Amino acid sequence: MGIVVEKRLTPSTSWQVASIILALLASGLVSALLLKSAGADLGTAFGALWDGAFGGWRASWKTLVKATPLILTGVAVAVAFRARIWNIGAEGQLFMGAIMSYWVYTLVGTLPPIILIPILFIAGFVGGGLYGGLAGWLKARFQVSEILTTVMLNYVATYFLSFLLIGPWRNPDSFFQQSPPIDRAARLPNLIGGTKLHLGFLVAILAVAVIYVLISRTSLGYEIRAMGMNAKAARFKGINVERTAVIVMLISGGVAGLAGVTEVFGVQGKLKPDISVGFGFTGIIIAVLALLNPIAIIFVAILFGGFVNGGIKLQVATGVPSTLTDAIQAIILLFFLTAAVLARYKFRLGTKDE
Amino acid sequence: MQPLLKVENVTKRFHQVVANDSVSFEVMPGEIHCLLGENGAGKSTIAECIYGFYKPDKGSISVNGEVLDLDSPAEAIRHGIGMVHQHFVLVTSMTVLENIVIGTDAATAILNLQSATDRIKAICARYEVEIDLNSKVWQLTVGQQQWVEILKALFLGARLLIMDEPTAVLTPQESRRLFKIFREMTGDGMSIILISHKLDEVMQSDRVTVLRKGKRVGTVVTRDSSKSELTNLMVGRDVNLNLVRERSDVGLPMLVVSGLHAANDFGTDKLNGVDLTLNRGEIVGIAGVAGNGQKELFETLMGVRRATSGRVMLADQDITNKTPREVQQAGIGHVPDDRFAEGLIPDFDIQSNLVLGVHRDQPFARRGFLKFGQIRSFAKQAMDEFAIQAPSAQTICRTLSGGNAQKVIVAREFAQASRVILANQPSRGLDVGVIEYMHKRLFEKRKEGFAILIASEELDELLALSDRILVLFKGQIVGEFSHGAVDLERVGLLMAGHFDDAPNPNADRSL
Ligand SMILES: Nc1ncnc2c1ncn2[C@@H]1O[C@H](COP(=O)(O)OP(=O)(O)OP(=O)(O)O)[C@@H](O)[C@H]1O
Ligand SMILES: [Mg+2]
C-alpha cells in the first residue's frame, strides 16, 4: 500500500488551478514563518513586498523592466523544451548575444539609431543563435547530449566575456571590469516618458508573439511539437529530426541572445560581467512554470520581476538579510514547480499496478 | 452456481462520450467470457472499470456476491482480479522477476524475494511456461513479455484474469498455446474475460457478451451461436472477409528489391538478401512468423533504416537509402506495426495526425503556414470514410480506442500514397467491419494500379487478399506461391524453417 501516482491522460484544468492556489498558500505560509523567525513584522514585510512589486506606477514599470530579459529567456527555453531539447544554455546564449551586439556597436555605432538599433537586435539574435546552434549541431551530428554542451558552453561564454572585459574592451578609466559607456544615441529608447521602460520590453512581447505563431500555426512549429511528443513517429513520417534540432537551437539561442541586447543597451549602458544574474536559469523555471506556453510566460516573468523588486523593498523595510529574500524566492519556486508537476498526475491510495 | 463476477448497469462517460451505457453481464467460475464489439464499443473501458482503473459513473461490480467499492487496481487485485492491458506496461530495463514483484511486498525484503521466486517458479511449472526470471524484459519476445504480465497477475493471486486483445501481438502458434493454457486455468476454477476481434478465438470461449456503441446487445452461449450470428450482433449486418477478387491486370514492375541487407538496432543482421518484385495492380502478401525481418524490411524500404547492401528501385528511380521524406514523396505509404510508438503522435489531435507527413505540402500548408480549414475538412472526410469514432477532429489520439487509432494511420497512409502501399499487420486490432472496409479499399487501390505489400500473421487474411504470397524466414524469401496455388501446409513448414529438399533457401522457390 502507498500512494499511487499516475500520469493524467488529459490535464484537468480545475486541478491545475487548485494546485496553483495551493502552492500560493503553502509558499505564503512558509515565507511568513521564515520572516517571523527573523523577527520581521509580517504586515510590514508583505506590504513592502507588494509595494516594491506592483504598488504604484513607478514600481510597476520597474517590474516590467526586470521582467524583460526573463520573458526572452523563458520563451527561448520554451521553444527548445517543446521539441524535447533540453537547452540549459540560455545564460551563455544571452552573453553571446550581448558580446555580438556590442562588437557590432563598436563597428557601426555611429549609424543613426533608427538603423542601428534593429542592427543591434539582429546581431544579438545571430550571436546567441549561432551559439545555441553549435550545441544543436553537436547533438544532431555527433549525438552529444545538449544538456552537457549547453551547460559547458555557459562557462565558455562567461569566461570569454571576462577575457574581453579584462583585455580588448576594457574601459581604461574604470576600476571595474567593464566596457566604456555606450553612446546615448545607441541606447534603447524609453517607451513612455518619465520611465526607464525601454524598447526591449516591446521586443520581448513581439518575440513572444512570433514564437507563439511559429509554434502553433506553422509547419515548422508542427514539426517541433511532433518531434517533442514522439520523435520516432516524426522521423518515420519524414520529419528530419536532426535538422529540426539545429533549427530549434538556432531560434532558442537567438531569442536568448536578444536578452543580452536589452540588458546591455537598455539597462546597463555598458558591457559588464553581471549583465545577467542567472536570467538564463530563471528562464528555465519560468518556462516550466508556464507549462511552455509562450503567452503564460509573459505573466510568470512579470510575477518574477515583481518578486525581485519587491524583495529589495522588503529588505529595506524590515532589515532582514538579503539571503532571506533569496530563500523565500527559492521556496516559492519549489512550491510552484511542485504544483506544476503535480497538476499532470493523479493521486490515490493503493498499490502501484503497473 | 453463484457467479464469480457480476457487472450491473455500469455507465462510464468521458466528457460527452458515453463509453459504457448501463452494461450488465456475469462471469461464472471456470468460464471464458468473451467481450465482443466494434472498435470503440467500450470493451476496454468496461474492463478497466472492473479492474478499478476507471470509476464507473453508475452501476455496481460485485465479486462472489460482495459489492466492490473499487477506486484503484489495488482494490481489484485484493479481490482476485488481474488484467493484462492492450498495451503492455513493463519496465523493459528490469528483469522478469523484478517486473513481477515490483510494487508488491516481496520487493522490499530479500527473504520474501526467495519465496516469491519459488512461487513464480511453481506457477511456471504448473502451466509449463519456460521463462528465465533473470533475463531483462527487452530481451524477450512479445509473447514472452505477455507471459510476464500474466505471471504478474497470477502472482498477485488473480482468480479472474482480464485479457485485452492478448493475441493481437502473438503468432498463431503462441495464440494456440495461450488458449490451451486458458483452458487449464479455467480447469483450476479461474475465470477469464477475453477481449478479441478474432472470431476463431471468440468461438473457443464459453459465452460471449456483445457490446455496441457502449450498450450490451446480448449475451450468447458460444456453443449455440455462430460466427455470422456474432458478427451480426456486433455490427448489425453481415460481413464478408472473403471479398470477390476481381481480376486485375498485373502490370509492369513498380517496386523491385534486390539483395537487400539490413541489421536491427542491436546490429544483428535481419535481412539477408531479400529479393522481391511488386508489380502494378498487385497485392503481395508476406507470410512469416514475427521477428523474421518483416519490420526491418518495411523500415529499410521506407528509408528509416539503412540498407547495408542491395538495391530498391521504384519504377526507374533508385530509392535505396533515400530519406523517409523522399521515399514518401515518391509515392510510398507505410502502415507500421506499432501504432502508438511509430504511427502516431499520441498527444496530437486526430486532424494533426491525419496530415503528419504532408504538413509542409499543399493544400495543408502554404508558405510555411498550416491551413487549418483544409486540414479540418480533410480530417472530417477521412473520419467519415473510415468510421473513426471520436467526438471531433480535435480529439487527442491518446484517448482513442486501439482500433480507432489504427484507423487514423490507415486513413492517412491510404490518402498519402500514390503508387505503393506497404502495410505491416494493418488489420491488427481492427473489428471485422473495418477490416472488410479496408480490404475493399485495398482492392480499389489495386485496381487503380497500386503495388501493395502486406505482412500479416493471419494466413486467412493473406489468402483473401494476395495475388502472390511470399514466405519470409530469417531475413530471406524462402518460398513463393501464386493465388490459387497456395499449399498451406508448405507455407506453414517454410515459415517454421523446414525446407524439404534444397539446403539453399533461395533454390526452394515454388511458383
Ligand atoms: N481516457 C479517455 N478519454 C476520453 N475518451 C475515451 C477514453 N478512453 C476511451 N475513450 C472513448 O471511449 C470509447 C470506448 O473506448 P474503448 O477503448 O473502451 O473501446 P474498445 O471497445 O476497447 O475499442 P477497440 O476494439 O478499438 O480497442 C471510445 O469512443 C473512446 O474514444
Ligand atoms: Mg480496446
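Letters A, B, ... are given to chains in the order of the sequence lines, protein chains preceding strands, and every chain is numbered from 1. Since the structure is predicted, the reported quantities are computational estimates derived from the model, not experimental observations.
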ask   = Does any pair with a residue in residues 357-373 of chain B pass salt bridge (Lys or Arg N to Asp or Glu O under 4.0 Å), and if so which ones, sequence neighbours excluded?
value =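 Passing the test, one end in residues 357-373 of chain B: Glu223(A)-Arg360(B), Arg325(B)-Asp361(B).
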query = Ion pair present between Glu413(B) and Lys237(A), side-chain N to carboxylate O less than 4.0 angstrom?
reply =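 Judged by the 4.0 Å cut-off on N to carboxylate O distance, Glu413(B) and Lys237(A) do form a salt bridge.
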For [X], is it the side chain, the backbone, both, or neither that has a heavy atom closer than 4.5 Å to a heavy atom of chain A?
{"X": "Glu149(B)", "result": "neither"}
{"X": "Phe364(B)", "result": "neither"}
{"X": "Val327(B)", "result": "neither"}
{"X": "Gln329(B)", "result": "neither"}

Measuring only between side-chain heavy atoms, which start at C-beta, is [X] closer than 4.5 Å to [Y]?
{"X": "Asp338(B)", "Y": "Lys232(A)", "value": "no"}
{"X": "Asn230(A)", "Y": "Phe348(B)", "value": "no"}
{"X": "Ile239(A)", "Y": "Leu356(B)", "value": "yes"}

ask   = Going from CZ on Arg235(A) to OG1 on Thr323(B), what distance comes out if it is rounded to the nearest 0.5 angstrom?
value =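 It comes to 11.5 Å.
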query = At what distance, to the nearest 0.5 angstrom, does OG of Ser352(B) lie from CE of Met229(A)?
reply =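 The CE atom of Met229(A) is 9.0 Å from OG of Ser352(B), to the nearest 0.5 Å.
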Closest heavy-atom contact between [X] and [Y]?
{"X": "Phe236(A)", "Y": "Gln328(B)", "result": "O-NE2, 2.8 Å"}
{"X": "Thr218(A)", "Y": "Phe369(B)", "result": "CG2-CE2, 3.8 Å"}
{"X": "Ala234(A)", "Y": "Ile345(B)", "result": "N-CD1, 4.2 Å"}

query = What residue in Gly357(B), Gly343(B), Ala341(B), Ala365(B) has the most heavy-atom pairs under 4.5 Å with chain A?
reply =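 Option with the top pair count is Ala341(B).
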query = CZ of Phe81(A): more than 12 outside heavy atoms within 6.0 angstrom?
reply =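 More than 12 heavy atoms, drawn from other residues, nucleotides or ligands, come within 6.0 Å of this atom.
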